[in-house]
Structure formats: structure tokens, C-alpha cells
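Note sheet for the following structure.
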Amino acid sequence: MDRTGKSAVIGDIKGRFDKMTSAVFLDFKGMTVEQVSKLRVEFRKNGVEYRVLKNTLVKQALAGKPWSKLLTDTLKGMTGVAWSYEDPSAAAKVVKAFRKDNEKLQIKAGLVEGQLLDGKAVEAQLATMPGKNELRAMLLATLQAPLQSFVALLQAPTQNLVYVLSAKERDASK
């Protein structure tokens, strides 16, 4: 790859890290082509972008970031990077699910808002975070609960009046 090609790739990598919400660094050593292809398909289904990158290009792309020094140990050996742009936990959830069937896939580290997580933290914390849609559902349920209680309170006097009238009717028929 010539110098202009490298600078274009570095700019592309830098752009991906600038717009990401999270990134997961993976070691795919020992996996077959078929397994990696399945992993890529799962990433695509979940809106995650995955690329295998040269460590030196990643280091050069992240040179100006304050957290770039934290990745020095991570960027050794074979490295694949999975970027999540909307849901921070999307990549981690895909990796956690994929690892159930394939132990060869190893999580090197995760990056969320400049904070570096080790592989265990990515699987234990980031992968278990509720996703965007789950958070929306929780918010909607929280907003609906007071309204449901209010409607129940408004219906209570009417309901009680019906109970009283039906009790009166039963007493009158005896």
C-alpha cells in the first residue's frame, strides 16, 4: 500500500472512531473463514460495522486522541474492530452471543466514550446493558404507569356505585 493509500485508510479509520458510540476489539485467531463470515453477517444484521485492521494504522489514526495510549497493549496480534454507531451495546451483544458457539473468538477490549474496558468487562457489563429499543420500552412503561393509575382512580367511584346498586338489587330481590 502506498503512502496516499495509507493516509486514506487512516482517515477512514479516524472517521469511524469519531462517529462511533462504542468499539470492540477482537482477536479472531484460530477461526475458520466460514465462522468469520457468519460473525460478519451477524454484525451487519445488528447495524455493527466490522473490519480487520493493521494495528499500526489504527495507532496512527488514533494518535491525537487522549485515550490512544490505553490501546497500546490491545493493538497487538490479529485485531478486528467492531464499531457500533447507534446502540453502544450492539457489538458486545453480538460477540457475546457468538462466543457461546465459538470460544476461539476472544475479546481484547472495548471502548465507550473514551473509557477502555477489558474483555471481561465488555462481556459482563457492556453486553448486558439494555439496548436502545429496550430503553425506549422501559421509558414508555414508566410514562404509562401514572396514567394507568389515574384512569383507575377516575373509574373507581363509578365502579363502586355499580357495586352498591347491584348489592341493593340483590337485597331487594330477597
Problem - Heavy-atom check, side chain of F98 versus side chain of M31, under 4.5 Å - result: yes
Problem - Donor-acceptor contact below 3.5 Å, side chain R99 vs main chain L105 - result: yes
Fill in the blank from the handout: Rounded to the nearest 0.5 Å, the CG atom of N160 sits from the CG atom of L165 at a distance of 11.0 Å
Exercise for the section: Have a look at K108 and tell me which of D27, D118, T79 forms a side chain to side chain donor-acceptor pair (under 3.5 Å) with it. Expected result: T79
Exercise for the section: Evaluate the side-chain proximity of D12 to R51: yes if any heavy-atom separation is below 4.5 Å, no if none is. Expected result: yes
Practice task
Say whether, by atom type as modelled, one donor and one acceptor occur between the side chain of S22 and the main chain of V112 under 3.5 angstrom.
Solution key: no
Exercise for the section: Indicate the atoms forming the closest heavy-atom contact of M20 with Y85, along with that distance. Expected result: CA-CD2, 3.6 Å
Problem - Side-chain heavy atoms of V52 within contact of F28, under 4.5 Å - result: yes
Problem - Residues E42, K45: salt bridge by 4.0 Å N-O rule - result: yes
Fill in the blank from the handout: Nearest heavy-atom approach of V24 to A91 is CG2-CB, 3.9 Å
Exercise for the section: Find the distance between NZ (K76) and CG (N55) and round it off to the nearest 0.5 Å. Expected result: 10.0 Å
Practice task
Report the C-alpha distance between V122 and V95 in whole Å, list the side-chain angles of each, state the deciding distance to 0.1 Å, and finish with yes or no for side-chain contact (heavy atoms from CB on, under 4.5 Å).
Solution key: CA-CA 9 Å; V122 168; V95 171; over 6 Å; no
Completion exercise
For Q35, the side chain to side chain donor-acceptor pair (under 3.5 Å) test, sequence neighbours excluded, returns T32, N102
Problem - Non-neighbouring partners of R40 that pass salt bridge (Lys or Arg N to Asp or Glu O under 4.0 Å), sequence neighbours left out - result: none
Practice task
Can you measure from CG (L75) to NZ (K54) and round to the nearest 0.5 angstrom?
Solution key: 14.0 Å
Handout entry: Beyond-backbone contact of W67 with L111, side-chain heavy atoms, under 4.5 angstrom
Key = yes
Completion exercise
Looking only at heavy atoms, the pair that brings G114 and L70 closest together is O-CD1, 4.4 Å
Exercise for the section: Give the minimum heavy-atom separation between S68 and A63, together with the two atoms involved. Expected result: OG-O, 3.8 Å
Practice task
Kindly check if the number of other-residue, nucleotide or ligand heavy atoms within 6.0 Å of NZ (K59) is above 12?
Solution key: yes
Practice task
Flag the pair S166 / R170 as yes when at least one side-chain heavy-atom distance between them is below 4.5 Å, and no otherwise.
Solution key: yes
Handout entry: Q60 side chain near L57 side chain, heavy-atom distance below 4.5 Å
Key = yes
Fill in the blank from the handout: dist F25:CZ -> L116:CG (nearest 0.5 Å) comes out at 7.5 Å
Handout entry: Closest non-hydrogen atom pair, A90 against N46
Key = CB-O, 4.0 Å
Exercise for the section: Mind checking the NZ-OG spacing from K14 to S7? Nearest 0.5 Å is all I need. Expected result: 11.0 Å
Exercise for the section: Enter the distance from E103:CD to Q106:CD here, rounded to the nearest 0.5 Å. Expected result: 7.0 Å
Practice task
Taking the side chain as every heavy atom from C-beta outward, state whether I107 and L26 have any atom pair closer than 4.5 Å.
Solution key: yes
Exercise for the section: Quick one: sort the W83 and F17 rings into parallel, tilted or perpendicular, breaks at 30° and 60°. Expected result: perpendicular
Exercise for the section: Indicate yes or no: at least one non-hydrogen side-chain atom of R44 is less than 4.5 angstrom from one of V94. Expected result: no
